[in-house]
Amino acid sequence: MQLKQQWNKLKNLKLEKPNSVLTMYLNTDPADPDQQGGEWKIHLKNGLNRFENYLTKDEDKDELHNFQKIRKQVESFFQENQKDLKKGVILFASSDESVWIADIVQVPVETNFYWQETPVIDQLEQIYRDFPRLGIVLVQQNQVKTIEAELGFVEETKLFELDLDTEDWRQHEGPHHADASMGKGGKNTQTDQFDKRFRENQKRWYKRLAPTLDKKAKDQQWEKIYVAGEEHEANDLASYMQKNIDQVIHQNILDQEEHHVLEKIIG
């Protein structure tokens, strides 16, 4: 997300005429009853027209030129990305070219446009309060998946799997395979033996993984943490983590698609 990376620049940016900053919050949510016909296109056009008409009447040719230059960039962005839009777009563009931020977000946005010497970040700050950076920990026997998300988008997924021979947790990249939790013999041949051994060692194994998860939460600056899994597994893993857990969810959802998991967590 460009927004988080350039947060300090936005807060400290102040330009002088004829330079200004376009701040735009645009609701593009197709599920919104007011957006069923792609009304965001009308709101976008009207919002940009309003500034251009005002600057034309004001007869400030330099500022009008600066705005028109930004308008072309904005319109190009939407032409290139209109098929990929989600719930909203947050955009900041300065006429001195020091800032260009255009982020598609998966959280509700209230449509507003501003053209002034400083960016307007009030709504952005409220969005970050409502949708802080998340760390979701999914546990399913000898597998633990972490999902990091910001502004409703999955940013990173990691899978930790316990090697039953060495009793070490190993981090895997790439897709998750559902049969891995049954051990080397697969689900049909070793289920009973696996379940018995896992129940006997579950607490000890989760306690060993917990510091790794705590470090990940600290390094990646998780502002809220959720743990989900079968009741005993989720409760045990959460109890061994030193970081504050905002909610423990008793659902085994490790094998579900990440964006479905995110929807269950934040709605």
Side-chain angles (χ1 to χ4, degrees), residues 1 106-107 131-267:
M1 283 285 174
Q106 186 68 305
V107 295
F131 300 94
R133 184 168 178 79
L134 300 182
I136 303 171
V137 180
L138 308 177
V139 54
Q140 180 181 289
Q141 291 191 318
N142 69 320
Q143 293 183 324
V144 173
K145 180 189 287 186
T146 61
I147 300 173
E148 294 176 11
E150 187 169 326
L151 296 186
F153 274 112
V154 174
E155 291 200 333
E156 185 180 82
T157 300
K158 299 290 185 183
L159 179 68
F160 298 86
E161 185 173 13
L162 180 70
D163 186 318
L164 296 177
D165 294 326
T166 65
E167 297 192 351
D168 290 328
W169 289 92
R170 298 187 178 183
Q171 183 174 302
H172 293 275
E173 305 289 344
H176 159 65
H177 300 288
D179 62 349
S181 64
M182 292 298 104
K184 292 182 178 179
K187 182 174 181 179
N188 294 328
T189 59
Q190 290 190 351
T191 299
D192 292 340
Q193 288 181 331
F194 172 85
D195 287 344
K196 181 176 183 296
R197 184 182 177 194
F198 195 85
R199 285 194 302 273
E200 292 171 348
N201 295 278
Q202 174 177 311
K203 293 180 183 296
R204 179 168 59 88
W205 287 339
Y206 287 164
K207 191 173 184 179
R208 180 176 295 182
L209 178 62
T212 299
L213 299 175
D214 283 326
K215 184 177 186 303
K216 188 172 183 61
K218 179 181 178 181
D219 292 345
Q220 300 302 318
Q221 299 180 328
W222 294 355
E223 296 170 286
K224 278 198 171 184
I225 302 175
Y226 298 84
V227 177
E230 296 291 348
E231 181 176 355
H232 295 298
E233 296 172 5
N235 288 348
D236 280 350
L237 184 57
S239 70
Y240 292 128
M241 292 182 64
Q242 297 299 309
K243 287 288 186 179
N244 179 63
I245 308 300
D246 292 271
Q247 187 177 359
V248 178
I249 300 164
H250 297 148
Q251 292 184 46
N252 185 357
I253 51 178
L254 183 142
D255 289 324
Q256 294 187 15
E257 292 289 336
E258 284 80 4
H259 68 277
H260 290 316
V261 172
L262 198 57
E263 287 176 2
K264 284 180 180 286
I265 300 297
I266 66 174

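Values reported hereafter were calculated over all heavy atoms of this structure, with side chains retained and with hydrogens, waters and symmetry mates removed. None of these values were measured; they are calculated from a predicted model. Residue numbers start at 1 and run along the sequence shown.
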Participant: Whether the side chain of Arg133 engages the backbone of Gln220 through a donor-acceptor N/O pair (distance < 3.5 Å, no angle test) should be reported.
Facilitator: yes
Participant: Counting only N and O atoms by type, is there a donor-acceptor contact under 3.5 Å from the side chain of Trp169 to the main-chain atoms of Trp205?
Facilitator: yes
Participant: Only counting residues at least two apart or in another chain, list the ones meeting side-chain contact (heavy atoms from CB on, under 4.5 Å) with Gln251.
Facilitator: Ile249, Ile253, Lys264
Participant: Tell me the closest heavy-atom pair linking Gln140 and Asp255, and the distance in Å.
Facilitator: OE1-OD2, 3.3 Å
Participant: For residues 235-245, which residue pairs qualify under side-chain hydrogen bond (donor to acceptor under 3.5 Å, both in side chains), counting only residues two or more places apart or in two chains?
Facilitator: Gln202-Asp236, Lys203-Asp236, Asn235-His250
Participant: Hey, could you give me the CD/CD distance between Glu263 and Glu257, rounded to the nearest 0.5 Å?
Facilitator: 11.0 Å
Participant: My understanding is that only residues two or more places apart in sequence, or in another chain, count here; which of them pass side chain to side chain donor-acceptor pair (under 3.5 Å) with Glu156?
Facilitator: Lys216
Participant: Taking only residues two or more places apart in sequence or in another chain, which ones pass salt bridge (Lys or Arg N to Asp or Glu O under 4.0 Å) with Glu258?
Facilitator: Lys145
Participant: Mind checking the CG-NZ spacing from Leu213 to Lys218? Nearest 0.5 Å is all I need.
Facilitator: 15.0 Å
Participant: Listed by chain and number, what are the side chain to side chain donor-acceptor pair (under 3.5 Å) partners of Asn201, not counting sequence neighbours?
Facilitator: Arg204
Participant: How close do Ala234 and Val227 get, heavy atom to heavy atom, and via which atoms?
Facilitator: O-CG1, 3.8 Å
Participant: Name all pairs fulfilling the ring-ring contact (aromatic ring centres under 6.0 Å, His included) condition that reach into residues 206-227, sequence neighbours left out, sorted by first residue then second.
Facilitator: Phe198-Tyr206
Participant: What residues form a salt bridge (Lys or Arg N to Asp or Glu O under 4.0 Å) with Lys215, not counting sequence neighbours?
Facilitator: Asp219
Participant: Would you mind reporting whether Leu262 and Leu134 have side-chain heavy atoms less than 4.5 Å apart?
Facilitator: yes
Participant: For Gly152 and Val107, work out which heavy atoms get closest and say how close.
Facilitator: N-CG1, 3.8 Å
Participant: When rounded to the nearest 0.5 angstrom, what distance separates CD1 in Ile147 from CG in Leu159?
Facilitator: 10.5 Å
Participant: Only one of Asn252, Leu237, Leu254 clears side chain to side chain contact (heavy atoms under 4.5 Å, CB included) with Leu138; which?
Facilitator: Leu254
Participant: With distance as the sole test, does Glu233 use its side chain to make a donor-acceptor pair with the main-chain N or O of Gln141 at under 3.5 Å?
Facilitator: yes
Participant: Just jot down the side chain to side chain donor-acceptor pair (under 3.5 Å) partners of Arg170, sequence neighbours excluded, or say none.
Facilitator: Asp163
Participant: Rounded to the nearest 0.5 Å, what separation is found between the CD1 atom of Ile245 and the CD1 atom of Ile225?
Facilitator: 4.5 Å
Participant: If you round to the nearest 0.5 Å, how far is CG of Leu162 from CG of Asp168?
Facilitator: 8.0 Å
Participant: Just by modelled atom types, is the Glu161 backbone N or O under 3.5 Å from a matching donor or acceptor in the Asn142 side chain?
Facilitator: no
Participant: List in chain and number order the residues that pass salt bridge (Lys or Arg N to Asp or Glu O under 4.0 Å) with Glu223, two or more places apart in sequence or in another chain; answer none if no residue qualifies.
Facilitator: none
